[in-house]
**Q** 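The structure's right below; bear with me while I get my questions together.
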Amino acid sequence: MIFSKLGLDQMLASRCESLGYTEPTPIQQKAIPIVLSGADLIGCAQTGTGKTAAFLLPMIQRILTTPRRGVRLLVIAPTRELATQIEVSLQMLAHGKAVRSITLVGGASIGLQIEGLRKAPSVVISTPGRLIDHIERRSIDLSLVETLVLDEADRMLDMGFWPDINYVLGKLPVERQTLLFSATMSPQIEKIARSNMRNPTLVEVSPRGKAATTVEQLAYPVARESKTALLLHLLEAESKSRVLVFTRTRRSAEQLSHILSAREHKVNRIHADRTQSQREAALRGFKEGRHRILVATDIASRGIDVDAISHVINYDVPEAPEDYVHRIGRTGRANNTGRAITLVSPVEELSMTAIERMTGKPIERVFLPDFGGTLFSSHAPSKSAGAFFRKRGRR
Ligand code: AMP
(Lines give C-alpha, C1' and ligand atoms only; values in the text may rest on other atoms or scores of the structure.)
Protein backbone atom coordinates (compact mmCIF):
# COMPACT_ATOMS: atom_id res chain seq x y z
CA MET A 1 0.00 0.00 0.00
CA ILE A 2 1.35 3.43 -0.90
CA PHE A 3 0.19 6.89 0.15
CA SER A 4 -0.85 8.06 -3.30
CA LYS A 5 -3.31 5.11 -3.55
CA LEU A 6 -5.24 6.67 -0.68
CA GLY A 7 -6.02 9.77 -2.72
CA LEU A 8 -3.12 11.89 -1.52
CA ASP A 9 -1.32 13.92 -4.15
CA GLN A 10 2.24 13.24 -5.19
CA MET A 11 3.76 16.07 -3.17
CA LEU A 12 2.41 14.68 0.11
CA ALA A 13 3.13 11.08 -0.83
CA SER A 14 6.77 11.98 -1.53
CA ARG A 15 6.94 13.94 1.69
CA CYS A 16 5.85 10.85 3.62
CA GLU A 17 8.49 8.85 1.83
CA SER A 18 11.20 11.31 2.68
CA LEU A 19 10.13 11.16 6.33
CA GLY A 20 10.75 7.43 6.19
CA TYR A 21 7.08 6.44 6.20
CA THR A 22 7.43 3.47 3.90
CA GLU A 23 3.73 2.70 3.96
CA PRO A 24 0.59 4.08 5.54
CA THR A 25 -0.20 2.67 8.98
CA PRO A 26 -3.56 0.83 9.37
CA ILE A 27 -5.34 3.92 10.75
CA GLN A 28 -3.99 5.99 7.86
CA GLN A 29 -5.13 3.41 5.32
CA LYS A 30 -8.64 3.45 6.71
CA ALA A 31 -9.03 7.09 7.72
CA ILE A 32 -7.36 9.14 4.95
CA PRO A 33 -9.94 8.35 2.22
CA ILE A 34 -12.79 9.09 4.64
CA VAL A 35 -11.30 12.39 5.78
CA LEU A 36 -10.64 13.38 2.16
CA SER A 37 -14.28 12.66 1.30
CA GLY A 38 -15.44 15.15 3.92
CA ALA A 39 -17.32 12.57 6.00
CA ASP A 40 -17.32 12.37 9.80
CA LEU A 41 -15.11 9.81 11.45
CA ILE A 42 -14.49 8.25 14.83
CA GLY A 43 -10.95 6.93 15.00
CA CYS A 44 -10.41 4.47 17.80
CA ALA A 45 -6.64 4.50 17.91
CA GLN A 46 -3.95 5.12 20.44
CA THR A 47 -1.02 7.45 20.21
CA GLY A 48 1.74 5.74 18.30
CA THR A 49 -0.50 4.39 15.56
CA GLY A 50 0.09 7.31 13.19
CA LYS A 51 -3.32 8.87 13.90
CA THR A 52 -2.03 12.46 13.76
CA ALA A 53 -0.87 12.14 10.16
CA ALA A 54 -4.13 10.30 9.39
CA PHE A 55 -6.05 13.53 9.85
CA LEU A 56 -3.32 16.05 9.03
CA LEU A 57 -2.36 14.71 5.59
CA PRO A 58 -5.84 14.96 4.02
CA MET A 59 -6.42 18.34 5.68
CA ILE A 60 -3.14 19.74 4.33
CA GLN A 61 -4.15 18.52 0.89
CA ARG A 62 -7.54 20.21 1.10
CA ILE A 63 -6.08 23.49 2.39
CA LEU A 64 -3.47 23.60 -0.37
CA THR A 65 -5.71 22.60 -3.23
CA THR A 66 -8.75 24.75 -2.39
CA PRO A 67 -7.45 27.95 -0.85
CA ARG A 68 -10.01 29.79 1.26
CA ARG A 69 -9.84 32.36 4.01
CA GLY A 70 -10.56 31.88 7.69
CA VAL A 71 -9.73 29.23 10.25
CA ARG A 72 -10.57 26.04 8.33
CA LEU A 73 -9.27 23.35 10.64
CA LEU A 74 -9.69 23.47 14.40
CA VAL A 75 -7.95 20.78 16.44
CA ILE A 76 -8.75 20.52 20.15
CA ALA A 77 -6.34 18.49 22.25
CA PRO A 78 -6.23 17.84 26.00
CA THR A 79 -2.72 19.10 26.79
CA ARG A 80 -0.29 21.78 25.78
CA GLU A 81 2.33 19.22 24.83
CA LEU A 82 0.00 17.32 22.54
CA ALA A 83 -1.21 20.54 20.90
CA THR A 84 2.37 21.67 20.31
CA GLN A 85 3.29 18.28 18.94
CA ILE A 86 0.40 18.33 16.48
CA GLU A 87 1.57 21.68 15.11
CA VAL A 88 5.12 20.34 14.79
CA SER A 89 3.76 17.34 12.84
CA LEU A 90 1.64 19.63 10.66
CA GLN A 91 4.57 21.79 9.67
CA MET A 92 6.78 18.75 9.20
CA LEU A 93 4.24 17.16 6.83
CA ALA A 94 3.44 20.42 5.00
CA HIS A 95 7.18 21.03 4.68
CA GLY A 96 7.39 24.69 3.79
CA LYS A 97 4.08 24.79 1.89
CA ALA A 98 1.84 27.66 2.90
CA VAL A 99 -0.26 26.12 5.62
CA ARG A 100 -0.47 28.83 8.24
CA SER A 101 -1.04 27.50 11.72
CA ILE A 102 -1.07 28.58 15.33
CA THR A 103 -1.10 26.73 18.64
CA LEU A 104 -3.16 28.30 21.40
CA VAL A 105 -2.31 26.91 24.81
CA GLY A 106 -2.31 28.17 28.37
CA GLY A 107 0.97 29.23 29.92
CA ALA A 108 1.99 31.08 26.76
CA SER A 109 1.54 34.81 26.07
CA ILE A 110 -2.03 35.57 25.05
CA GLY A 111 -0.85 38.84 23.45
CA LEU A 112 1.41 36.97 21.05
CA GLN A 113 -1.41 34.54 20.27
CA ILE A 114 -3.76 37.42 19.46
CA GLU A 115 -1.13 38.85 17.14
CA GLY A 116 -0.69 35.43 15.53
CA LEU A 117 -4.44 35.11 15.00
CA ARG A 118 -4.41 38.39 13.07
CA LYS A 119 -2.10 36.74 10.54
CA ALA A 120 -5.02 34.62 9.33
CA PRO A 121 -4.01 31.04 10.16
CA SER A 122 -5.89 28.26 8.34
CA VAL A 123 -5.23 25.83 11.17
CA VAL A 124 -5.72 26.41 14.89
CA ILE A 125 -4.61 23.81 17.41
CA SER A 126 -5.71 24.49 20.95
CA THR A 127 -6.39 23.23 24.42
CA PRO A 128 -9.99 23.85 25.52
CA GLY A 129 -9.33 26.51 28.19
CA ARG A 130 -7.24 28.84 26.05
CA LEU A 131 -9.58 28.48 23.12
CA ILE A 132 -12.44 29.69 25.29
CA ASP A 133 -10.32 32.65 26.45
CA HIS A 134 -9.93 33.68 22.82
CA ILE A 135 -13.61 33.13 22.01
CA GLU A 136 -14.57 35.33 24.96
CA ARG A 137 -12.11 38.04 23.95
CA ARG A 138 -13.43 37.78 20.40
CA SER A 139 -9.87 37.37 19.18
CA ILE A 140 -10.79 34.28 17.16
CA ASP A 141 -13.43 33.81 14.48
CA LEU A 142 -14.61 30.22 14.18
CA SER A 143 -17.44 30.88 11.74
CA LEU A 144 -15.58 29.43 8.75
CA VAL A 145 -14.32 26.22 10.36
CA GLU A 146 -14.74 23.32 7.93
CA THR A 147 -13.30 20.53 10.05
CA LEU A 148 -13.14 20.01 13.80
CA VAL A 149 -10.79 17.41 15.24
CA LEU A 150 -11.30 16.27 18.83
CA ASP A 151 -8.05 14.51 19.62
CA GLU A 152 -7.76 12.13 22.57
CA ALA A 153 -11.43 12.72 23.29
CA ASP A 154 -11.51 10.09 26.03
CA ARG A 155 -8.80 11.92 27.88
CA MET A 156 -10.57 15.24 27.48
CA LEU A 157 -13.62 13.67 29.09
CA ASP A 158 -11.50 12.26 31.94
CA MET A 159 -10.03 15.69 32.50
CA GLY A 160 -13.46 17.28 32.80
CA PHE A 161 -13.21 19.29 29.57
CA TRP A 162 -16.56 18.24 28.19
CA PRO A 163 -18.51 21.40 29.22
CA ASP A 164 -15.77 23.51 27.57
CA ILE A 165 -15.92 21.50 24.38
CA ASN A 166 -19.69 21.71 24.34
CA TYR A 167 -19.39 25.47 24.58
CA VAL A 168 -16.93 25.54 21.66
CA LEU A 169 -19.23 23.28 19.60
CA GLY A 170 -21.92 25.92 19.95
CA LYS A 171 -19.61 28.47 18.30
CA LEU A 172 -18.86 26.35 15.23
CA PRO A 173 -20.81 26.15 11.99
CA VAL A 174 -23.37 23.35 12.06
CA GLU A 175 -22.28 22.37 8.55
CA ARG A 176 -18.85 20.96 9.25
CA GLN A 177 -16.82 17.79 9.29
CA THR A 178 -16.10 16.33 12.72
CA LEU A 179 -13.31 13.86 13.40
CA LEU A 180 -13.06 12.33 16.84
CA PHE A 181 -10.06 10.32 17.97
CA SER A 182 -10.01 8.30 21.13
CA ALA A 183 -7.82 5.49 22.46
CA THR A 184 -10.84 3.83 24.01
CA MET A 185 -14.53 3.88 23.16
CA SER A 186 -16.84 4.37 26.09
CA PRO A 187 -20.63 4.70 26.09
CA GLN A 188 -20.09 8.38 26.91
CA ILE A 189 -17.96 8.93 23.80
CA GLU A 190 -20.56 7.14 21.71
CA LYS A 191 -23.24 9.42 23.14
CA ILE A 192 -21.22 12.53 22.33
CA ALA A 193 -20.64 11.25 18.82
CA ARG A 194 -24.33 10.54 18.30
CA SER A 195 -25.35 14.05 19.25
CA ASN A 196 -22.58 16.01 17.56
CA MET A 197 -21.59 14.07 14.45
CA ARG A 198 -23.28 13.10 11.23
CA ASN A 199 -23.25 9.39 10.43
CA PRO A 200 -19.67 8.97 11.55
CA THR A 201 -17.74 5.98 10.24
CA LEU A 202 -16.03 4.07 13.03
CA VAL A 203 -12.46 3.12 12.26
CA GLU A 204 -10.71 0.93 14.78
CA VAL A 205 -7.12 -0.15 14.51
CA SER A 206 -6.84 -2.22 17.61
CA PRO A 207 -9.71 -3.84 19.44
CA ARG A 208 -11.32 -1.53 21.92
CA GLY A 209 -9.28 -1.08 25.06
CA LYS A 210 -6.53 -3.41 23.88
CA ALA A 211 -2.92 -2.42 24.47
CA ALA A 212 -0.62 -1.91 21.48
CA THR A 213 0.72 -5.26 20.35
CA THR A 214 4.24 -3.98 19.80
CA VAL A 215 4.68 -3.46 23.53
CA GLU A 216 5.99 -6.31 25.65
CA GLN A 217 4.63 -6.08 29.13
CA LEU A 218 5.97 -7.29 32.46
CA ALA A 219 4.99 -6.72 36.06
CA TYR A 220 7.32 -6.90 39.04
CA PRO A 221 5.64 -7.64 42.35
CA VAL A 222 7.55 -5.61 44.92
CA ALA A 223 7.26 -4.54 48.53
CA ARG A 224 6.08 -0.94 48.63
CA GLU A 225 9.18 0.29 50.45
CA SER A 226 11.46 -1.44 47.92
CA LYS A 227 10.07 0.27 44.81
CA THR A 228 12.80 2.88 44.51
CA ALA A 229 15.53 0.28 45.04
CA LEU A 230 13.97 -1.94 42.36
CA LEU A 231 13.67 0.97 39.95
CA LEU A 232 17.35 1.82 40.44
CA HIS A 233 18.23 -1.82 39.92
CA LEU A 234 16.23 -1.96 36.66
CA LEU A 235 17.68 1.30 35.39
CA GLU A 236 21.21 0.22 36.07
CA ALA A 237 20.75 -3.05 34.18
CA GLU A 238 21.02 -1.25 30.83
CA SER A 239 22.62 2.10 30.28
CA LYS A 240 21.59 3.09 26.78
CA SER A 241 17.85 2.86 26.61
CA ARG A 242 15.48 5.83 26.82
CA VAL A 243 13.13 5.42 29.71
CA LEU A 244 9.87 7.09 30.62
CA VAL A 245 8.92 6.60 34.28
CA PHE A 246 5.36 7.23 35.40
CA THR A 247 4.27 8.20 38.88
CA ARG A 248 0.76 8.82 40.13
CA THR A 249 1.48 12.14 41.85
CA ARG A 250 3.47 15.27 41.09
CA ARG A 251 5.16 14.95 44.44
CA SER A 252 6.50 11.48 43.79
CA ALA A 253 7.60 12.54 40.27
CA GLU A 254 9.57 15.35 41.88
CA GLN A 255 11.06 13.12 44.62
CA LEU A 256 11.95 10.33 42.27
CA SER A 257 13.62 12.67 39.85
CA HIS A 258 15.83 14.02 42.68
CA ILE A 259 16.73 10.53 43.87
CA LEU A 260 17.68 9.42 40.36
CA SER A 261 19.66 12.56 39.78
CA ALA A 262 21.55 12.00 43.05
CA ARG A 263 22.45 8.56 41.67
CA GLU A 264 23.92 10.30 38.63
CA HIS A 265 21.20 9.36 36.21
CA LYS A 266 20.51 11.92 33.51
CA VAL A 267 16.93 12.68 34.39
CA ASN A 268 14.27 15.37 34.18
CA ARG A 269 10.60 15.50 35.09
CA ILE A 270 7.35 16.73 33.67
CA HIS A 271 4.20 17.34 35.70
CA ALA A 272 1.51 19.93 36.23
CA ASP A 273 3.51 22.00 38.74
CA ARG A 274 6.25 22.68 36.22
CA THR A 275 6.00 25.78 34.05
CA GLN A 276 5.42 25.54 30.34
CA SER A 277 9.04 26.40 29.59
CA GLN A 278 10.31 23.85 32.13
CA ARG A 279 8.13 21.18 30.52
CA GLU A 280 9.33 22.09 27.06
CA ALA A 281 12.95 22.04 28.19
CA ALA A 282 12.44 18.62 29.78
CA LEU A 283 10.86 17.23 26.61
CA ARG A 284 13.58 18.70 24.43
CA GLY A 285 16.30 17.27 26.67
CA PHE A 286 14.66 13.86 26.52
CA LYS A 287 14.16 14.02 22.77
CA GLU A 288 17.71 15.12 22.12
CA GLY A 289 19.13 12.50 24.45
CA ARG A 290 20.51 14.82 27.14
CA HIS A 291 18.22 13.14 29.65
CA ARG A 292 17.94 9.40 29.39
CA ILE A 293 15.10 9.28 31.86
CA LEU A 294 11.95 11.35 32.01
CA VAL A 295 9.70 11.08 35.07
CA ALA A 296 6.12 12.04 34.27
CA THR A 297 2.62 12.08 35.68
CA ASP A 298 -0.28 10.87 33.53
CA ILE A 299 -1.71 14.21 32.53
CA ALA A 300 1.63 15.81 31.75
CA SER A 301 2.60 12.88 29.56
CA ARG A 302 -0.18 13.14 27.02
CA GLY A 303 1.73 14.93 24.34
CA ILE A 304 5.00 13.10 24.67
CA ASP A 305 5.87 12.05 21.16
CA VAL A 306 9.43 10.91 21.36
CA ASP A 307 10.62 8.19 19.08
CA ALA A 308 12.61 5.30 20.43
CA ILE A 309 11.35 5.28 23.99
CA SER A 310 12.60 1.83 24.82
CA HIS A 311 10.96 1.38 28.19
CA VAL A 312 7.97 2.72 30.01
CA ILE A 313 8.20 2.01 33.71
CA ASN A 314 5.11 2.40 35.84
CA TYR A 315 6.49 3.24 39.25
CA ASP A 316 2.89 3.26 40.44
CA VAL A 317 0.08 1.20 38.98
CA PRO A 318 -2.41 3.63 37.45
CA GLU A 319 -5.81 3.57 39.10
CA ALA A 320 -7.72 3.78 35.82
CA PRO A 321 -6.94 0.90 33.44
CA GLU A 322 -7.23 3.32 30.48
CA ASP A 323 -4.26 5.24 31.87
CA TYR A 324 -2.22 2.06 31.65
CA VAL A 325 -3.02 1.78 27.94
CA HIS A 326 -2.12 5.44 27.42
CA ARG A 327 1.11 5.12 29.36
CA ILE A 328 2.42 2.09 27.57
CA GLY A 329 1.36 3.62 24.24
CA ARG A 330 4.34 5.96 24.65
CA THR A 331 6.64 3.11 23.74
CA GLY A 332 6.41 0.67 20.85
CA ARG A 333 5.55 3.51 18.47
CA ALA A 334 5.09 3.02 14.77
CA ASN A 335 6.63 -0.40 14.31
CA ASN A 336 9.27 -0.17 17.07
CA THR A 337 9.08 -2.73 19.83
CA GLY A 338 8.89 -1.26 23.30
CA ARG A 339 8.73 -2.63 26.78
CA ALA A 340 6.45 -1.72 29.61
CA ILE A 341 7.33 -2.60 33.18
CA THR A 342 4.99 -2.12 36.09
CA LEU A 343 6.06 -2.18 39.72
CA VAL A 344 3.22 -3.69 41.69
CA SER A 345 3.00 -3.47 45.47
CA PRO A 346 0.55 -5.79 47.26
CA VAL A 347 -2.12 -3.10 47.58
CA GLU A 348 -1.89 -2.42 43.86
CA GLU A 349 -2.61 -6.00 42.80
CA LEU A 350 -6.30 -5.22 42.47
CA SER A 351 -5.65 -2.36 40.04
CA MET A 352 -3.33 -4.65 38.12
CA THR A 353 -6.07 -7.25 37.82
CA ALA A 354 -8.44 -4.59 36.47
CA ILE A 355 -5.83 -3.69 33.83
CA GLU A 356 -5.43 -7.32 32.83
CA ARG A 357 -9.17 -7.66 32.55
CA MET A 358 -9.41 -4.64 30.30
CA THR A 359 -6.47 -5.49 28.06
CA GLY A 360 -7.71 -9.07 27.94
CA LYS A 361 -4.27 -10.45 28.64
CA PRO A 362 -2.48 -11.61 31.79
CA ILE A 363 0.73 -9.66 32.28
CA GLU A 364 3.75 -11.80 32.97
CA ARG A 365 5.18 -11.48 36.51
CA VAL A 366 8.87 -11.32 37.32
CA PHE A 367 9.76 -12.21 40.90
CA LEU A 368 12.87 -10.79 42.49
CA PRO A 369 13.15 -12.02 46.10
CA ASP A 370 15.62 -9.25 47.03
CA PHE A 371 12.84 -6.72 46.54
CA GLY A 372 10.12 -8.64 48.33
CA GLY A 373 8.86 -10.08 45.08
CA THR A 374 8.06 -13.63 46.16
CA LEU A 375 5.82 -12.90 49.11
CA PHE A 376 2.55 -12.45 47.32
CA SER A 377 0.64 -13.05 44.13
CA SER A 378 -0.20 -16.40 42.67
CA HIS A 379 1.58 -15.91 39.34
CA ALA A 380 4.38 -18.27 38.41
CA PRO A 381 7.98 -16.96 38.38
CA SER A 382 9.52 -16.12 35.02
CA LYS A 383 12.45 -14.08 33.67
CA SER A 384 15.07 -12.21 35.67
CA ALA A 385 15.18 -8.41 35.60
CA GLY A 386 18.53 -8.07 33.88
CA ALA A 387 17.49 -10.43 31.10
CA PHE A 388 14.59 -8.20 30.25
CA PHE A 389 16.79 -5.21 29.61
CA ARG A 390 19.70 -7.07 28.07
CA LYS A 391 17.40 -8.69 25.55
CA ARG A 392 16.68 -5.26 24.10
CA GLY A 393 20.35 -4.22 24.12
CA ARG A 394 21.26 -7.09 21.81
CA ARG A 395 18.71 -6.21 19.13
P1 AMP B 1 0.89 9.32 16.35
O2 AMP B 1 0.09 8.09 16.53
O3 AMP B 1 0.24 10.30 15.50
O4 AMP B 1 1.30 9.91 17.69
O5 AMP B 1 2.25 8.94 15.56
C6 AMP B 1 3.29 8.19 16.15
C7 AMP B 1 4.60 8.29 15.38
O8 AMP B 1 4.53 7.56 14.18
C9 AMP B 1 5.04 9.70 15.01
O10 AMP B 1 6.37 9.86 15.47
C11 AMP B 1 5.00 9.73 13.50
O12 AMP B 1 6.05 10.51 12.97
C13 AMP B 1 5.17 8.26 13.12
N14 AMP B 1 4.44 7.88 11.87
C15 AMP B 1 3.27 8.35 11.43
N16 AMP B 1 2.91 7.73 10.28
C17 AMP B 1 3.87 6.83 10.00
C18 AMP B 1 4.07 5.87 8.95
N19 AMP B 1 3.19 5.73 7.95
N20 AMP B 1 5.17 5.12 8.99
C21 AMP B 1 6.07 5.27 10.00
N22 AMP B 1 5.95 6.15 11.03
C23 AMP B 1 4.85 6.92 11.04
Side-chain angles (χ1 to χ4, degrees), residues 2-4 6-21 24-25 27-28 31-41 43 47 50-77 79-105 108 112-127 130-131 134-135 139-152 168 172-173 175-181 280 303 305 334:
I2 52 171
F3 281 94
S4 52
L6 300 173
L8 290 176
D9 64 27
Q10 202 44 53
M11 187 279 288
L12 283 172
S14 318
R15 181 66 192 140
C16 291
E17 238 168 69
S18 60
L19 287 171
Y21 300 178
T25 63
I27 183 86
Q28 291 163 359
I32 288 173
I34 299 170
V35 181
L36 278 173
S37 77
D40 284 6
L41 171 130
T47 305
K51 69 179 168 67
T52 313
F55 65 83
L56 286 178
L57 286 166
M59 290 311 302
I60 294 171
Q61 172 148 321
R62 193 182 307 156
I63 288 167
L64 290 176
T65 51
T66 55
R68 274 195 206 124
R69 60 184 190 88
V71 176
R72 302 179 63 182
L73 168 63
L74 173 66
V75 181
I76 307 181
T79 63
R80 303 165 185 186
E81 286 76 18
L82 181 61
T84 309
Q85 186 56 47
I86 293 169
E87 192 183 20
V88 170
S89 302
L90 170 76
Q91 292 305 336
M92 188 176 79
L93 293 166
H95 193 48
K97 296 284 179 300
V99 180
R100 255 184 218 280
S101 61
I102 187 168
T103 301
L104 307 175
V105 293
L112 285 178
Q113 292 175 357
I114 293 173
E115 243 171 69
L117 284 166
R118 289 201 188 108
K119 293 183 186 147
S122 312
V123 181
V124 169
I125 301 148
S126 186
T127 47
R130 187 49 69 96
L131 182 59
H134 282 284
I135 293 173
S139 45
I140 190 165
D141 174 7
L142 298 174
S143 64
L144 297 173
V145 168
E146 295 163 23
T147 302
L148 167 71
V149 175
L150 297 172
D151 200 10
E152 303 204 344
V168 176
L172 297 175
E175 287 292 315
R176 58 156 201 271
Q177 178 181 38
T178 306
L179 312 173
L180 180 151
F181 290 87
E280 279 167 11
D305 178 27

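Computed from a predicted model, the values in this text were never measured in an experiment.
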**Q** In Å, rounded to the nearest 0.5 Å, how long is the span from CG of Leu56 to CG of Leu73?
**A** 7.0 Å
**Q** Tell me which donor-acceptor pairs under 3.5 Å the side chains of residues 91-98 have, and how far apart each pair is, sequence neighbours excluded?
**A**
{"from": "Gln91", "atom 1": "NE2", "to": "Val99", "atom 2": "O", "distance (Å)": "3.0"}
{"from": "Gln91", "atom 1": "NE2", "to": "Ser101", "atom 2": "OG", "distance (Å)": "2.7"}
{"from": "His95", "atom 1": "ND1", "to": "Arg15", "atom 2": "NH2", "distance (Å)": "3.4"}

**Q** Which residue in the set Arg176, Arg69, Arg68 passes salt bridge (charged side-chain N to carboxylate O under 4.0 Å, His left out) when paired with Glu146?
**A** Arg68
**Q** Would you give the length of the straight line joining atom CG of Leu104 to atom CD1 of Ile135, rounded to the nearest 0.5 angstrom?
**A** 10.0 Å
**Q** Got a sec, which pairs hit ring-ring contact (aromatic ring centres under 6.0 Å, His included) with one end in residues 57-77, sequence neighbours left out?
**A** none
**Q** Provide the closest heavy-atom pair for Leu117 versus Val124 in the form atom of the first, atom of the second, distance.
**A** CD2-CG2, 4.2 Å
**Q** What is the distance from atom NE2 of His134 to atom CD of Gln113, rounded to the nearest 0.5 Å?
**A** 4.0 Å
**Q** Taking ring pair (Phe, Tyr, Trp, His ring centres under 6.0 Å) as the definition, give me every residue that meets it alongside Phe55, ordered by chain and number, with sequence neighbours left out.
**A** Phe181
**Q** I'd like to check the side-chain contact (heavy atoms from CB on, under 4.5 Å) partners of Asp141; sequence neighbours left out, ordered by chain and number.
**A** Ser143
**Q** CD of Gln61 to CG of Asp9: how many Å apart, nearest 0.5 Å?
**A** 4.0 Å
**Q** As an exercise, state the distance from OG of Ser122 to CZ of Arg62, rounded to the nearest 0.5 Å.
**A** 12.5 Å
**Q** Got a sec, which residues hit side-chain hydrogen bond (donor to acceptor under 3.5 Å, both in side chains) with Glu280, two or more places apart in sequence or on another chain?
**A** Gln276
**Q** Just to verify, what does Thr84 make a side-chain contact (heavy atoms from CB on, under 4.5 Å) with, not counting sequence neighbours?
**A** Thr103
